[in-house]
Structure formats: structure tokens, C-alpha cells
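Below: the structure, in C-alpha cells.
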Amino acid sequence: DKKVHLLGRRADIPRLMTAMDMYISSSAYGEAFPLVIGEAMASGVACVVTDVGDSAEMIAGNGRIIPPGQADALVKACVDLLSLPPVERIRVGVLARQHVQDQYDQGVVAGRYAAVYRSILSRKK
């Protein structure tokens, strides 16, 4: 029995996120750096995303990336990911989590900003 449940306002999003088999972002336009993709990846959830904004860069091979506006490709990517043996799908999620930690951890990002500022300040006038 397949149903959709509208859950309303929730305070337990981390618990719900980790319970997902996969996360899908099917945006057609307008995404810059979609935090929810990073949150899903940080939760160890395998993702299917459209190649919009920074989504593909965020996934970096640790999920499925499809062109925007192609419903058939979205379905195929979802089926492909769900057809993996559970241990492989979990592995995709673990690699996604590691990628988020390596690339988008607050300390890593702060270090990148600091490097930019140092570079600017060290330029000779």
C-alpha cells in the first residue's frame, strides 16, 4: 500500500533524514548551493540530483546526477540506485558523508576563506 504522508512541521529532521533510502533533488533551475543535499549526504543518504547549480559538484560521483527536466532519466537514476544491493547503496551514502566532511566541514570552509583573505592581503600594491 503506497501512500504519501504530509508530516507538517517537524523537530526530528535528522532522524527522518537517516531513515531515507535515498534523497532526490529534481530542481530544474534556481539552485546555488542546496544545503539539503549536503544534509542528506552528511546523514549518509545516497542522493539523486539534477545538474543544477552546485548540486553535481556537491555529489562529486557519490550518487547519481541527471540533466534537469528529464523525468525518464530521474526515474532511471532512482531505479538504478534502489537496485543496488543494500550494502552498495549504504556504501554510496558512506562515501557521500565522507565527501561532505572532507569538502564542506565548517573548519575546511573557514580555512578556504582564510586562504583567500591571506592571498588578497599578500598582493603587492
Side-chain angles (χ1 to χ4, degrees):
D1 192 22
K2 298 178 182 182
K3 297 180 181 180
V4 173
H5 299 275
L6 302 176
L7 302 177
R9 188 177 188 97
R10 300 295 296 240
D12 59 345
I13 298 303
R15 184 180 69 80
L16 295 174
M17 190 74 77
T18 59
M20 293 180 184
D21 291 319
M22 72 177 158
Y23 178 80
I24 303 165
S25 175
S26 59
S27 296
Y29 62 90
E31 297 291 349
F33 188 88
L35 293 177
V36 68
I37 293 172
E39 291 167 350
M41 293 173 69
S43 298
V45 177
C47 297
V48 175
V49 303
T50 49
D51 190 1
V52 174
D54 292 325
S55 299
E57 181 180 331
M58 292 174 75
I59 295 294
N62 298 301
R64 301 294 185 270
I65 303 163
I66 59 157
Q70 295 190 14
D72 290 344
L74 178 65
V75 170
K76 183 181 180 315
C78 291
V79 169
D80 177 53
L81 197 56
L82 290 173
S83 296
L84 291 174
V87 71
E88 280 300 308
R89 192 169 60 248
I90 290 168
R91 185 176 145 315
V92 171
V94 167
L95 292 172
R97 178 177 169 79
Q98 187 63 53
H99 178 71
V100 166
Q101 289 173 325
D102 293 346
Q103 297 299 315
Y104 304 115
D105 176 79
Q106 185 176 10
V108 171
V109 174
R112 287 186 189 136
Y113 276 111
V116 169
Y117 296 145
R118 280 192 298 275
S119 171
I120 292 168
L121 292 172
S122 69
R123 291 182 186 161
K124 294 184 179 182
K125 294 183 181 184

What pair of heavy atoms forms the shortest contact from [X] to [Y], and how long is it?
X	Y	result
R112	D102	NH2-O, 4.4 Å
C47	I37	SG-O, 4.3 Å
V45	Y23	CG1-N, 3.5 Å
E57	Y104	O-OH, 3.8 Å
I66	A73	CG2-O, 3.6 Å

Check whether [X] reaches the backbone of [Y] with its side chain - one donor and one acceptor, N or O, closer than 3.5 Å.
X	Y	result
H99	M58	yes
S122	R118	yes
T50	S27	yes
S55	D51	no

Is there a path of hydrophobic side-chain contacts, each under 4.5 Å between heavy atoms, that joins V100 and I65?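 Result: yes, single cluster for both.
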Between V52 and L35, is there a shared hydrophobic cluster once you connect ILVMFWY residues whose side-chain heavy atoms come closer than 4.5 Å?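 No; tracing contacts between hydrophobic side chains, which count when under 4.5 Å, never links both residues.
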So which of I13, L16, T18 actually passes side chain to side chain contact (heavy atoms under 4.5 Å, CB included) with S43?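 Looking at I13, L16, T18, the match for S43 under the side chain to side chain contact (heavy atoms under 4.5 Å, CB included) is T18.
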From [atom1] ([X]) to [atom2] ([Y]), nearest 0.5 Å:
X	Y	atom1	atom2	value
M22	M20	CE	CE	11.0 Å
K76	L81	NZ	CG	11.5 Å
I90	R97	CD1	CZ	14.0 Å
R64	L84	CZ	CG	5.5 Å

Taking the side chain as every heavy atom from C-beta outward, state whether Q106 and V108 have any atom pair closer than 4.5 Å.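 No, too far: nothing below the 4.5 Å cut-off.
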Are any of the side-chain heavy atoms of Q101 and M41 separated by less than 4.5 Å?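 No, side chains not in contact.
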Take a 6.0 Å sphere around CG of D12 and say whether it holds more than 12 heavy atoms from other residues, nucleotides or ligands.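 More than 12 heavy atoms, drawn from other residues, nucleotides or ligands, come within 6.0 Å of this atom.
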Is it the case that atom CZ in R89 sees more than 12 heavy atoms from other parts of the structure closer than 6.0 Å?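 Enclosed.
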Under the side chain to side chain contact (heavy atoms under 4.5 Å, CB included) rule, what do V48 and S25 come out as? Steps first, then yes or no, please. CA-CA 6 Å; V48 175; S25 175; over 6 Å; no
Scan residues 56-94 for pairs that pass ring-ring contact (aromatic ring centres under 6.0 Å, His included), counting only residues two or more places apart or in two chains.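 Applying ring-ring contact (aromatic ring centres under 6.0 Å, His included) to every pair that reaches into residues 56-94, excluding sequence neighbours, yields nothing.
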